Amino acid sequence: MIERIETGQRMSKIVKHNGVAYLCGQVGSGDSVTEQTRECLARVQALLEQAGSSRDQMLQVIIWLADMADFAEMNAVWDDWVPDGHAPARACGEAKLARPELKVEIIVTAAC
């Protein structure tokens with residue numbers, strides 16, 4: 001069975017199937033990569049909880065940065081947020097994001 005949560009015409013915020021939660025990409029506001037990453041991860045955490053999951057249960061994370069020069073700044077926030085011993089498989093790349101002011105987008109898949 002597939003469960004879709006907060007579904008609209010374009011996407012669902014969460015899709016659950018066979019004990020796995022797939023979250024839609026999350027972005028944050030703010031002027032810096034640090035601010036955007038913090039808000040983005042707070043949104044991820046809220047969606048994980050809504051899905052019946054947690055940061056400890058993340059399986060895979062894909063991070064898109066508008067500029068790879070921001071990699072270290074984003075990682076400083078990320079490293080503080082990820083629980084010790086529970087780092088997911090992760091990829092990070094550079095991409096043109098949906099709006100010019102966006103600096104980071106994070107996509108999470110987690111067990112639930």
Side-chain angles (χ1 to χ4, degrees):
M1 179 178 148
I2 298 172
E3 179 184 0
R4 300 176 198 282
I5 301 170
E6 294 193 45
T7 299
Q9 178 63 32
R10 182 169 292 160
M11 67 178 191
S12 297
K13 287 196 175 180
I14 304 166
V15 176
K16 292 170 65 172
H17 182 257
N18 286 339
V20 177
Y22 303 86
L23 308 185
C24 66
Q26 295 299 300
V27 297
S29 60
D31 295 326
S32 70
V33 171
T34 296
E35 292 171 329
Q36 287 192 20
T37 303
R38 281 188 185 135
E39 184 173 328
C40 186
L41 292 173
R43 291 177 181 186
V44 165
Q45 188 161 342
L47 286 175
L48 286 169
E49 291 169 6
Q50 187 177 356
S53 188
S54 70
R55 293 181 295 160
D56 294 350
Q57 294 178 278
M58 291 186 298
L59 302 171
Q60 181 182 44
V61 173
I62 300 168
I63 301 172
W64 293 116
L65 293 171
D67 186 339
M68 284 304 289
D70 295 328
F71 187 66
E73 185 177 346
M74 177 277 300
N75 273 329
V77 177
W78 171 263
D79 291 345
D80 285 341
W81 184 80
V82 174
D84 287 341
H86 296 280
R90 193 186 100 165
C92 184
E94 183 177 289
K96 186 173 182 177
L97 300 178
R99 297 188 313 271
E101 67 273 16
L102 294 176
K103 299 177 183 299
V104 61
E105 182 170 357
I106 299 178
I107 306 159
V108 175
T109 302
C112 57

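The model shown is predicted, which means the values in this text are computed figures rather than measured ones. For reference, positions follow the sequence shown, starting with 1.
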Handout entry: Val77 with Trp64, same ILVMFWY side-chain cluster at under 4.5 Å
Key = no
Handout entry: Nearest-0.5 Å distance that lies between atom NZ in Lys13 and atom CE in Met11
Key = 7.0 Å
Exercise for the section: Enumerate the residue pairs fulfilling side-chain hydrogen bond (donor to acceptor under 3.5 Å, both in side chains) with a member in residues 18-29, sequence neighbours excluded, ordered by first and then second residue. Expected result: Ser29-Glu39
Practice task
With rounding to the nearest 0.5 Å, note down the distance linking CE in Met1 to NE2 in His17.
Solution key: 10.0 Å
Handout entry: Glu6/Gln50 under side-chain contact (heavy atoms from CB on, under 4.5 Å): CA gap, chis, key distance, verdict
Key = CA-CA 10 Å; Glu6 294 193 45; Gln50 187 177 356; 3.0 Å; yes
Handout entry: Ile14-Val27 co-clustered via ILVMFWY side chain contacts under 4.5 Å
Key = no
Handout entry: Inter-residue atom distance Arg38.CZ - Ser32.OG, 0.5 Å rounding
Key = 7.5 Å
Exercise for the section: Let me know which of Asp79, Thr34, Ile63, Leu41 forms a side-chain contact (heavy atoms from CB on, under 4.5 Å) with Met74. Expected result: Ile63
Problem - Sidechain-backbone polar pair: Gln36 side chain, Gly30 backbone, donor-acceptor under 3.5 Å - result: yes
Fill in the blank from the handout: Here the gap from Leu47 atom CG to Ile5 atom CD1, rounded to the nearest 0.5 Å, amounts to 9.0 Å
Exercise for the section: Calculate, to the nearest 0.5 Å, the distance between atoms CG and CZ belonging to Leu65 and Phe71 respectively. Expected result: 7.5 Å
Problem - Side chain Glu73, main chain Asp70, donor-acceptor under 3.5 Å - result: no
Fill in the blank from the handout: When rounded to the nearest 0.5 Å, the distance separating CZ of Arg43 from SG of Cys40 is 7.5 Å
Quick one: side chains of residues 80-93, donor-acceptor pairs under 3.5 Å with protein atoms, not counting sequence neighbours, listed by atom name and distance.
residue	atom	partner	partner atom	Å
Trp81	NE1	Gln45	OE1	3.2
His86	ND1	Asp56	O	3.4
Arg90	NH1	Asn75	OD1	2.9
Arg90	NH2	Asn75	OD1	2.9

Identify all side-chain donor-acceptor contacts of residues 102-112 below 3.5 Å with residues at least two apart in sequence or on another chain.
none

Exercise for the section: Indicate yes or no for a side-chain donor-acceptor contact from Glu94 to the backbone of Met68 under 3.5 Å, with no hydrogens or angles considered. Expected result: yes
